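The model shown is predicted, which means the values in this text are computed figures rather than measured ones. To find a chain, count down the sequence lines: A is the first, B the second, and so on, and within it residues start at 1.
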2 protein chains.
Amino acid sequence: MPRSGQEARERLARAALELFLERGFDAVTAAEIAARAGVTERTYFRHFPDKREVLFDGERRLTEWVTEALASVPADVPLWPAMRRTVDLIVAPLEANRPDSDRLAAIVKATPALRERAASKEARLVSIITGLLVGRGASTDEAALVARTAWGVLAQAIEAWRAAPGTSLQVHVDRGFTLLTGLVGGAQGDPPR
Amino acid sequence: MPRSGQEARERLARAALELFLERGFDAVTAAEIAARAGVTERTYFRHFPDKREVLFDGERRLTEWVTEALASVPADVPLWPAMRRTVDLIVAPLEANRPDSDRLAAIVKATPALRERAASKEARLVSIITGLLVGRGASTDEAALVARTAWGVLAQAIEAWRAAPGTSLQVHVDRGFTLLTGLVGGAQGDPPR
DNA sequence: CCTAGTAGTGTCTGCAACTGACACTACGGA
DNA sequence: TCCGTAGTGTCAGTTGCAGACACTACTAGG
């Protein structure tokens, strides 16, 4: 293997994070990020497809966690319980990662262009999960619905977790699932036609 | 030349749609859209904040439909049933709008940059719905969860509906809600059907 | 130890998405 | 009839991104 490229990539990611924290996403140019990392703008774009993507490099790990978690659930567990266990399994890594992900979330929240990218990443993750569920034997419709719903619970839990420092993510997740079960499963009158 | 402003805006929207259909989003420049509409590029950017937004002008109507539909549900209807009725209420306008929205969906689906924008719009709509539900007296957590989940059902139904021409959206919506109830509310045991 | 291949980089060049500043023109109302 | 306003054109500038090509550090193979 030739000279480590991976190293430059990490310097770029760190430089970008610093600059975005210092001055905000919009006030930083790609050339400046590259300069701080000691490379050229062109090199930046060889490592990341655009200015935003540096920040979302960690999302790949999330995908891995989900994939592994779901794979670790026995195949005979029905869809929804399997998804629930999967969510439980990725709570730990998420909590371990909190300090970093909090800073990231702050930057993203403050920048529309980044929120857009984040929303897109979520959608992509949901569709990956859907694929995995289909691989477990679910119908496409079921899989998509379960993936969307479970992700919704987790996403909402994460949001509440960030809003309330010092709380445990697991608590929010549990609350979300029970809340959902109560709301949806409850026999309150909603006549289908 | 023209005076209305609104008129130019509509010409721009039509021109953009045509060009995107003819050559694809990426192969069209903002200047070309403007030219076909008989104005300058600068004028384009006075009507729309960026190249993508022309296509999403109609989303405002969706927001209105949702707002009105939810407002029309009596305040004493509990959260989830209220949401379910709201979804039912906007099925009609959605179906009436099918030909246009199908073409739009095709363009969006083919272009990553547009999918991103679409995902972002969905997120925004969900947060608007959350706000409305809070206005009805729900807690933030409940509201967010219900909004996310219900929108998930509708979004999934719309996708299935587009994939199966000739079917009725209402059918997919009904199926989605019953499926969800069965999965989430049902005893932890059995795969459906 | 030398040589050849390859991954990573710098440089140069160019397009297209936006943006600010300013001058102009049609219009509706006083 | 004149004036204020909203919509537009023009021009110049910044920045995100991409193709082409030459160069350099490193590694493997002889």
Exercise for the section: Look at the side chain of Arg42(A) and the base of dG8(C), then say whether one donor and one acceptor between them are separated by less than 3.5 Å. Expected result: no

Exercise for the section: Check if the side chain of Arg46(B) and the base of dG9(D) share a donor-acceptor pair of N or O atoms closer than 3.5 Å. Expected result: yes

How many whole angstroms separate atom [atom1] of [X] from atom [atom2] of [N]?
X        : N       : atom1 : atom2 : answer
Ile33(B) : dC18(C) : CD1   : C1'   : 13 Å
Tyr44(B) : dG7(D)  : OH    : C1'   : 17 Å
Asp50(A) : dA18(D) : CG    : P     : 8 Å
Asp26(A) : dT19(C) : CG    : C1'   : 13 Å
Lys51(A) : dA17(C) : NZ    : P     : 17 Å
Glu41(B) : dG9(D)  : CD    : P     : 12 Å
Phe45(A) : dG10(C) : CZ    : C1'   : 15 Å
Phe48(A) : dG16(D) : CZ    : P     : 15 Å

Exercise for the section: Look at the side-chain N and O atoms of His47(B) and state whether any lies under 4.0 Å from the OP1 or OP2 oxygen of dT8(D). Expected result: yes

Fill in the blank from the handout: Sorted by position of nearest nucleotide on DNA chain D, 5' first, the leading residue of Arg52(A) and Thr43(B) is Thr43(B)

Problem - Note, Leu114(A) side chain near Phe56(A) side chain (heavy atom, < 4.5 Å) - result: yes

Handout entry: cation_pi(Arg9(A), Phe48(A)) dist<6.0 Å, angle<=45
Key = yes

Handout entry: Flag for Arg162(B)-Ser101(B): side-chain donor and acceptor within less than 3.5 Å
Key = yes

Practice task
Indicate yes or no: does Glu53(B) engage Lys121(B) in a salt bridge with an N to O separation below 4.0 Å.
Solution key: yes

